[in-house]
A.B. asks: 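One structure is given below, represented as structure tokens, and several questions about it will come after.
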Amino acid sequence: MLKPAATLRAMDAAHHWHPFSDMTALNRTGARIIVSAKGVFLTDADGNDILDGMSGLWNVAVGYGREEIVDAVASQMRALPYYNTFFQCTHPSVAQYAEALTALAPAHISKVFFAGGGSEANDTAFRLARIFWDQRGKPQKKRFIARHNAYHGSTVLSASLGGMAAMHGQSGLPIEGISHIRQPYHFGEGEGFSPDDFGRLAAKALADEIARLGADTVAAFIAEPIQGAGGVIIPPDSYWPEVARICRENNVLLIADEVITGFGRTGHFWGVERFGVAPDIMTIAKAMTSGYVPCGGVLISDRVAKTLATAGEIFHGYTTSGHPAACAAGLATLEIFARERLVDRVADDVGPYLGALWAGLGDHPLVGEARMTGLIGALELVADGGRTRFPSELNAGTRCRDLSVAHGLVMRAVGDTMVIAPPLVISRAECDLLVARARHTLDALAAELT
């Protein structure tokens with residue numbers, strides 16, 4: 001029987017250390033207790049229904065309450081709850097899931113390494129890229145280039161690859177051998193430039209950094225097709241093709257972090273397809289099981305895999321690599337994607353529909369830009385309808401986030417940028433409701449700030 005909400009909050013405050021949280025502030029108010037969910041809606045312990053505009057943490061792509069995933073996991077747990085994939089062993093669900101994933105991958109990719117989540121996947125990509133160059137007779141190619149304000153996870157290595165200043169401000173990150181270049185953030189950094197000109201300018205920062213370090217020392221460039229936790233930064237169309245060209249010409253591996261953008265989020269199965277590039281390595285997690293069971297992975301191009309195979313045993317892996325229950329959840333998720341044609345739906349139906357509604361929020365006096373591609377979008381909160389931000393002490397983004405939940409909608413605040421990424425199964429009527437609640441939130445924020 002469910003304990004009373006007050007009891008649960010007290011237990012949580014006494015014993016649970018939350019991720020990315022100021023525990024003193026959180027325990028002063030008490031955590032919000034989510035007790036159930038169905039479709040795109042959450043229900044909290046106080047009986048409030050909240051539209052989940054963030055798909056959990058970018059991951060619940062097929063929505064909540066999908067019994068086919070639950071049944072697949074339960075069946076797998078009864079047959080084989082766990083066995084490892086070390087020591088020359090495999091099991092049916094991991095073999096089938098590997099085949100299914102690589103069948104959906106770009107044509108030049110036919111191998112997948114399984115991990116427990118996105119952070120582990122990016123750690124793995126880092127190691128595989130370095131081993132690749134060792135085997136190619138270029139052991140000096142060890143450096144990595146990433147972007148400011150990128151997010152690649154929160155282990156020591158993945159947080160170092162990421163470019164989050166707050167994360168780097170704790171415990172002496174980043175580690176040695178990783179440098180960061182500017183982000184392709186046209187609204188925030190490209191005033192005075194057309195989007196395409198700014199895209200090429202941002203890409204040139206990669207060429208400049210490779211030249212500064214020396215191409216013979218650079219192993220790889222890693223980037224999200226769209227920076228998610230950095231504020232849904234959708235690069236200009238000129239950016240990614242130029243980045244790919246720079247990597248090719250300098251013999252630098254291109255690693256695409258698809259943890260957020262993979263599995264249909266952009267209206268393409270992979271984010272890189274939205275921008276027309278073919279990376280050497282792709283890291284995946286989140287929506288690959290729709291968040292029902294933790295899972296991550298690394299998709300490895302045939303060129304890279306062929307070279308890695310010359311290394312013999314690669315001393316790397318995780319206890320849960322290819323966990324049977326995670327693979328069963330992943331297979332069931334892919335079946336839903338195919339049966340309900342979710343990627344096409346995002347590309348041709350609810351994506352454009354929500355995008356048009358979302359763009360309409362750009363007329364609000366607190367919104368400097370409303371942007372979206374597929375089902376991932378952002379609002380830039382401004383003081384003047386242009387590009388002037390509110391004073392930081394007003395905490396406009398945090399206040400907007402809290403008001404949003406009070407109005408029945410989960411939006412995420414990244415500074416003063418509000419972001420959404422609803423489940424791919426959201427209906428048109430639910431899109432209407434999402435945007436109406438977002439507008440009510442903006443109106444409430446305006447009343448507080450003006």
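Index from 1, following the sequence.
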A.B. asks: Check the pair Asp46 / Arg9 against salt bridge (charged side-chain N to carboxylate O under 4.0 Å, His left out), numbers first and verdict last.
C.D. replies: CA-CA 12 Å; Asp46 299 314; Arg9 288 191 183 95; 3.3 Å; yes

A.B. asks: Would you check if there is a donor-acceptor pair between the side chains of Ser93 and His91 at a distance under 3.5 Å?
C.D. replies: yes

A.B. asks: Students often mix this up, so state it plainly: with edges at 30° and 60°, are the rings of Trp270 and Phe263 parallel, tilted or perpendicular?
C.D. replies: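 Trp270 vs Phe263 ring planes: perpendicular.
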
A.B. asks: Could you check if a side-chain atom of Leu128 sits within less than 4.5 angstrom of a side-chain atom of Val304, using non-hydrogen atoms only?
C.D. replies: no

A.B. asks: With a 4.5 Å cut-off on side-chain heavy atoms, are Glu189 and His148 touching?
C.D. replies: no

A.B. asks: So, taking the atom named CG in Leu361 and the one named CE in Met372, what distance separates them when rounded to the nearest 0.5 Å?
C.D. replies: 9.0 Å

A.B. asks: Test your reading of the model: is there a side-chain donor-acceptor pair from Gln96 to the backbone of Pro92, 3.5 Å cut-off?
C.D. replies: yes

A.B. asks: Closest approach of Ala107 and Asp302, non-hydrogen atoms and distance?
C.D. replies: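 Closest pair (atom of Ala107, atom of Asp302, distance): O-OD2, 4.3 Å.
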
A.B. asks: Determine whether a donor-acceptor pair (N or O, by modelled atom type, separation under 3.5 Å) exists between the side chain of Glu120 and the backbone of Gly116.
C.D. replies: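 At least one qualifying donor-acceptor pair exists.
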
A.B. asks: So does Ala287 get a backbone contact from the side chain of Ser290, meaning a donor-acceptor N/O pair under 3.5 Å?
C.D. replies: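 It does not hold such a pair.
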
A.B. asks: Go through it in stages, so that I can follow the logic: the residues are Val419 and Trp58, the test is side-chain contact (heavy atoms from CB on, under 4.5 Å), and I'd like the CA-CA distance, side-chain angles, deciding distance and then a yes or no.
C.D. replies: CA-CA 10 Å; Val419 303; Trp58 316 88; 4.1 Å; yes

A.B. asks: Under 4.5 Å between any side-chain heavy atoms of His364 and Arg439, yes or no?
C.D. replies: yes

A.B. asks: Measuring only between side-chain heavy atoms, which start at C-beta, is Tyr185 closer than 4.5 Å to Thr417?
C.D. replies: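 SC-SC contact between Tyr185 and Thr417 confirmed.
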
A.B. asks: Can you name the nearest heavy-atom pair linking Ser119 to Thr155, along with the distance?
C.D. replies: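 So the minimum-distance heavy-atom pair works out to CB-CG2, 3.8 Å.
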
A.B. asks: Given 3.5 Å as the limit, does a donor-acceptor pair link the side chain of Tyr292 with the main chain of Gly65, or not?
C.D. replies: yes

A.B. asks: Assess whether side-chain contact (heavy atoms from CB on, under 4.5 Å) is satisfied between His16 and Met23, documenting all intermediate values.
C.D. replies: CA-CA 9 Å; His16 181 196; Met23 293 307 300; 5.9 Å; no

A.B. asks: Under 3.5 Å, side chain of Arg412 to main-chain N/O of Met418, donor-acceptor pair present?
C.D. replies: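 Such a contact is absent between Arg412 side chain and Met418 backbone.
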
A.B. asks: Looking at Arg66 and Asp71, is there a salt bridge between them, counting it only when a charged N and a carboxylate O are closer than 4.0 Å?
C.D. replies: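 No.
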
A.B. asks: Is the closest side-chain heavy-atom distance between Ile69 and Val62 below 4.5 Å?
C.D. replies: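 Yes, side chains in contact.
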
A.B. asks: Are Pro184 and Arg147 packed together at the side-chain level, in the sense that at least one heavy-atom pair is separated by less than 4.5 angstrom?
C.D. replies: yes

A.B. asks: Is the CZ atom of Arg245 crowded by more than 12 outside heavy atoms at less than 6.0 Å?
C.D. replies: yes

A.B. asks: To the closest 0.5 Å, what do you measure between CG (Leu403) and NE2 (His440)?
C.D. replies: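 Leu403 CG to His440 NE2: 13.0 Å, rounded to 0.5 Å.
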
A.B. asks: Is the ring pair His316/Tyr318 parallel, tilted or perpendicular, if the boundaries are 30 and 60 degrees?
C.D. replies: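 Perpendicular.
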
A.B. asks: As an exercise, state the distance from CG of Asp416 to CD of Glu380, rounded to the nearest 0.5 Å.
C.D. replies: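 These two atoms lie 9.0 Å from each other.
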
A.B. asks: Hey, what do you get for OG1 (Thr283) to CZ (Phe126), rounding to the nearest 0.5 Å?
C.D. replies: 14.0 Å

A.B. asks: Count the heavy atoms of every other residue, nucleotide or ligand shown that sit under 6.0 Å from OH of Tyr83, and state whether that count exceeds 12.
C.D. replies: no

A.B. asks: Which heavy-atom pair separates Ala329 from Val73 by the least distance, and what is that distance?
C.D. replies: CB-CG2, 3.7 Å

A.B. asks: Looking at Lys142 and Asp134, does any basic side-chain N land under 4.0 Å from a carboxylate oxygen?
C.D. replies: yes

A.B. asks: Salt bridge between Arg339 and Glu335, side-chain N to carboxylate O under 4.0 Å?
C.D. replies: no

A.B. asks: Quick check: do Trp358 and Leu434 have side-chain heavy atoms less than 4.5 Å from each other?
C.D. replies: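 Yes; the side chains approach each other to less than 4.5 Å.
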
A.B. asks: For Arg32, which residues count as a salt bridge (charged side-chain N to carboxylate O under 4.0 Å, His left out) partner, sequence neighbours excluded?
C.D. replies: none

A.B. asks: Which is it for Phe132 and Leu253 under the side-chain contact (heavy atoms from CB on, under 4.5 Å) test, yes or no, and what are the steps along the way?
C.D. replies: CA-CA 10 Å; Phe132 171 85; Leu253 294 178; 3.8 Å; yes

A.B. asks: Got a donor-acceptor contact below 3.5 angstrom from the His186 side chain to the Ile233 backbone?
C.D. replies: no

A.B. asks: Nearest 0.5 Å, what's the NE2-CG distance between His180 and Asn149?
C.D. replies: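 His180 atom NE2 to Asn149 atom CG measures 10.5 Å (nearest 0.5 Å).
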
A.B. asks: Rounded to the nearest 0.5 Å, what separation is found between the CG atom of Leu342 and the CZ atom of Phe269?
C.D. replies: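 Rounded to the nearest 0.5 Å, the CG-CZ separation comes out at 9.5 Å.
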
A.B. asks: Spell out, as yes or no, whether a donor-acceptor pair under 3.5 Å connects the side chain of Asn122 to the backbone of His152.
C.D. replies: yes

A.B. asks: Please give me the minimum heavy-atom distance between Leu424 and Arg345, naming the atom from each residue.
C.D. replies: O-NH1, 2.7 Å

A.B. asks: Can you give me the closest heavy-atom contact between Ser160 and Pro174, atom names plus distance?
C.D. replies: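 Taking every non-hydrogen atom into account, OG-CA, 3.4 Å.
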
A.B. asks: Does Glu258 use its side chain to pair, donor to acceptor, with the backbone of Gly271 at less than 3.5 Å?
C.D. replies: yes

A.B. asks: Measure across Ser55 and Pro423 and return the closest heavy-atom pair with its distance rounded to 0.1 Å.
C.D. replies: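 Smallest interatomic distance, heavy atoms only, reads OG-N, 2.8 Å.
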
A.B. asks: For residues Tyr151 and Val414, determine if any side-chain heavy atom of one lies less than 4.5 Å from a side-chain heavy atom of the other.
C.D. replies: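 When only atoms from C-beta onward are counted, Val414 and Tyr151 do not touch, as no gap falls below 4.5 Å.
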
A.B. asks: With side-chain contact (heavy atoms from CB on, under 4.5 Å) as the criterion, how do Phe221 and Asn250 come out once you've worked through the C-alpha distance, each side chain's angles and the decisive distance to 0.1 Å?
C.D. replies: CA-CA 11 Å; Phe221 174 61; Asn250 287 279; over 6 Å; no

A.B. asks: Under a plain distance cut-off of 3.5 Å, with no hydrogens placed, do Asp12 and His18 share a side-chain donor-acceptor pair?
C.D. replies: yes

A.B. asks: Charged N to carboxylate O below 4.0 Å: is that the case for Arg437 and Asp49?
C.D. replies: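 The answer is no: the pair does not qualify as a salt bridge.
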
A.B. asks: Does any N or O in the side chain of Lys141 come within less than 3.5 Å of the main-chain N or O of Ala215, such that one atom is a donor and the other an acceptor?
C.D. replies: yes

A.B. asks: Is a donor on one side and an acceptor on the other found under 3.5 Å between the side chain of Ser154 and the backbone of Ala159?
C.D. replies: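 Such a contact is absent between Ser154 side chain and Ala159 backbone.
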
A.B. asks: For the CD atom on Glu68, are there more than 12 heavy atoms of other groups (residues, nucleotides or ligands in this structure) within a distance under 6.0 Å?
C.D. replies: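 Result for CD/Glu68: enclosed.
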
